[in-house]
Amino acid sequence: TLSLLYKLNRITSSTTSAPESVPAPNSSYNDKISVIRQDITTLVVDAIVNAANNSLLGGGGVDGAIHRAAGPSLVEECETLDGCATGDAKITQGYELPAQHVIHAVGPIYWQTKREGKHTQLLSGCYRRSLELAVENGLKSIAFAALSTGVYGYPSGEASKTALATVREFLDSGKGEQLDRIIFCNFMQKDEDAYFENIPNFFPPV
Ligand code: AR6
């Protein structure tokens, strides 16, 4: 639950100097960002972001866990959506989940899309489209699974950098003003570690 979340400014308080290319600190951003390690299906938030596939009809990993917890109405709504392109996202209700909505994002398969040099752009698209959908639907809190870092093979470090850069860019654009909580919800220790390592470069301590 949200009581288990912890604030980024505490996480990064021991960080020293950051590289020159990083964005300037902005305390109002850091107050919105959380990194946790938890089962995403337990979160009480306005939307959780699922790591889906092009069919949107369910699968293994976090997708399977979300569909099991949401109950059969979720796949019924998904059947009406006509799938989803890689790098894009679609929103549904949350049904039996504690989260109000599910945003189904389709991340890139790493080894396929890297060959074409499209992996970064496609993963970034998932995060940006999910944030846009949250704003369009008047949502205030959103929790992302670590998209593509499971069976789709995206390395955790690289994935976390793309996720953090895209969220920072979205907030810098001013479009994310209504969002008061953006959560990176990890399941594996390696993914949480990657966030802790990279977060100070995108959300520097104030
Ligand atoms: N809560 C939060 N994160 C989780 C959970 C959970 N309950 N379970 C797993 N993860 P993956 P992908 C993490 O494989 O790589 C599906 O079959 C997991 O540790 O679920 O984007 C879809 O239908 C990893 O960090 O998704 C697609 O076909 C992250 O969720 C395909 O897998 C994503 O791992 C998508 O592959």
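For ligands, and for the atoms within them, numbers begin at 1 and follow the listed sequence. Note that the structure is a prediction, hence the values are computed from the model and not measured.
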Task: Subset of ligand 1 atoms that lie under 4.0 Å from at least one heavy atom of D63 - done: 22 (C), 23 (O)
- [ ] Would you mind running through ligand 1 and noting each atom that sits below 4.0 Å from a heavy atom of Q38?
- [x] 1 (N), 2 (C)
TODO: For side chain to side chain donor-acceptor pair (under 3.5 Å), just list the numbers for T92 and H101, CA-CA rounded to whole Å, side-chain angles, deciding distance to a tenth of an Å, and then say yes or no.
DONE: CA-CA 6 Å; T92 66; H101 299 272; over 6 Å; no
Open item on the list: Tell me whether D191 reaches ligand 1 (any heavy atom closer than 4.0 angstrom to a ligand atom).
Closed with: yes
Task: Residue pair T42 / Q38, side-chain donor-acceptor N/O under 3.5 Å - done: yes
TODO: May I ask you to identify the nearest protein heavy atom to atom 18 (C) of ligand 1, giving residue, atom name and distance to one decimal place in Å?
DONE: F187 CB, 4.3 Å
Open item on the list: Are Y152 and Y110 an aromatic pair, judged by ring center distance below 6.0 Å?
Closed with: no
- [ ] Please verify whether a non-hydrogen atom of G107 lies at under 4.0 Å from ligand 1.
- [x] no
Open item on the list: For a salt bridge (Lys or Arg N to Asp or Glu O under 4.0 Å) check, start with the C-alpha distance between K140 and D180, then their side-chain angles and the critical distance, and finish with the verdict.
Closed with: CA-CA 5 Å; K140 292 185 172 170; D180 58 27; 5.2 Å; no
- [ ] Pull out every atom of ligand 1 sitting under 4.0 Å from any heavy atom of G59, numbered as shown with elements.
- [x] 17 (O), 23 (O)
Task: Residue selection (non-hydrogen contact nearest atom 33 (C) of ligand 1) among A146, G61, G58 - done: A146
- [ ] List every atom of ligand 1 that sits less than 4.0 Å from any heavy atom of A51, numbering the atoms from 1 in the order shown and giving each element.
- [x] 21 (O), 22 (C), 26 (O), 35 (C)
Task: Donor + acceptor pair across side chains of T113, K118 (<3.5 Å) - done: no
Open item on the list: Only heavy atoms of M188, strictly under 4.0 Å: list the atoms of ligand 1 that pass.
Closed with: 19 (O)
- [ ] Could you label the plane-to-plane angle of the Y29 and F203 rings as parallel, tilted or perpendicular, counting under 30° as parallel and over 60° as perpendicular?
- [x] perpendicular
